[in-house]
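The chains referred to below are lettered A, B, ... by the order of the sequence lines, with proteins before strands, and numbering in each begins at 1.
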Amino acid sequence: MAYWLFKTEPDELSIDDLKAEPSRSFLWDGVRNYQARNFLRDQVQLGDQVLIYHSSCKPPGIAGIARVSRTAYPDPSQFDATSPYFDAKSTADNPRWVAVDVQFEQKFDQLLMLDMLKKYTKLANMPLVRKGNRLSVMPVTDDEWHAILSLKALSPQD
DNA sequence: GCCAACGTTGGC
DNA sequence: GCCAACGTTGGC
């Protein structure tokens with residue numbers, strides 16, 4: 001079992017969307033970066049836990065946890081000419097991009113904000129906190145995972 | 001809205 | 001196979 005962090009723009013899919021339908025498997029599509037694709041295709045396993053990171057919003061941060069409910073399969077959006085994720089160079093015989101499914105597990109009481117995560121030395125090696133990094137699917141080490149969960153416990157409740 | 005950083009593309 | 005140009009990401 002492994003740990004991951006997936007980025008999402010909450011306008012498109014947020015932790016609240018997952019929470020609203022906790023028994024539903026949500027298609028995690030639109031990954032169009034080869035390094036991220038390779039993680040999805042080759043390493044993400046059923047039952048893996050995923051930190052759900054909200055990006056391009058204010059403030060950005062980790063909003064909760066999901067679980068992988070289906071491993072990699074061809075991302076349908078690559079074949080959909082009306083989708084922003086359409087890829088004319090991808091074929092059904094040899095699909096270029098993959099998706100997985102995720103299911104809600106937990107919403108954090110408080111968003112773990114990026115500016116706080118950046119101050120935490122145990123997380124300094126995460127691509128997430130490194131300037132200019134755009135990786136949208138990244139592995140999370142056991143140490144990082146536990147550090148993040150301990151931050152969650154420390155964050156003020158309301 | 002700006003723009004730095006990065007990944008991808010394509011000419012050569 | 002290099003690398004300049006371009007498009008995108010994503011924090012600010």
K.L.:
What integer distance in Å separates A:Asn38:CG from B:dT8:P?
P.N.:
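Going from CG in A:Asn38 over to P in B:dT8 covers 10 Å.
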K.L.:
Distances under 3.5 Å between protein N/O atoms and the N/O atoms of nucleotides 9-11 of chain C, please, pair by pair.
P.N.:
unit_1, atom_1, unit_2, atom_2, d
C:dG10, OP1, A:Lys7, NZ, 2.9
C:dG10, OP1, A:Arg134, O, 2.9
C:dG11, OP1, A:Tyr53, OH, 2.7
C:dG11, OP2, A:Ser56, N, 3.0

K.L.:
Does one side chain, of A:Asp101 or A:Tyr73, offer a donor that lies under 3.5 Å from an acceptor on the other?
P.N.:
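Result is yes, a qualifying pair exists.
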K.L.:
Taking the six-membered ring of A:Phe39 as reference, does the cationic atom of A:Arg37 (NZ for Lys, CZ for Arg) lie under 6.0 Å from its centre and within 45° of its axis?
P.N.:
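Judged by the rule, A:Arg37 and A:Phe39 form no cation-pi pair.
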K.L.:
Measuring only between side-chain heavy atoms, which start at C-beta, is A:Phe104 closer than 4.5 Å to A:Ile52?
P.N.:
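Side-chain contact under 4.5 Å: no.
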K.L.:
Which part of the nucleic acid does A:Lys131 contact within heavy-atom distance under 4.0 Å: base, sugar-phosphate only, or nothing?
P.N.:
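Answer is sugar-phosphate: A:Lys131 comes under 4.0 Å of backbone atoms only.
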K.L.:
Between atom CZ in A:Arg130 and atom C1' in B:dA4, what is the gap in whole Å?
P.N.:
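After rounding, the gap between these two atoms is 16 Å.
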K.L.:
How about A:Tyr34 and A:Trp97: are their ring centres within less than 6.0 Å of each other?
P.N.:
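Ring centroids of A:Tyr34 and A:Trp97 are less than 6.0 Å from each other.
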K.L.:
Any chance the side chains of A:Thr82 and A:Asp80 put a donor and an acceptor closer than 3.5 Å?
P.N.:
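There is such a pair (donor and acceptor under 3.5 Å, judged by atom type) between the side chains of A:Thr82 and A:Asp80.
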K.L.:
Can you give me the closest heavy-atom contact between A:Pro60 and A:Ser55, atom names plus distance?
P.N.:
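Looking at all heavy atoms of both residues, the closest pair is CB-CA, 4.5 Å.
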K.L.:
Report the residue (A:Arg96 or A:Gly132) whose heavy-atom-nearest nucleotide on DNA chain B is the more 5′ of the two.
P.N.:
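Whichever sits nearer the 5' end wins; that is A:Gly132.
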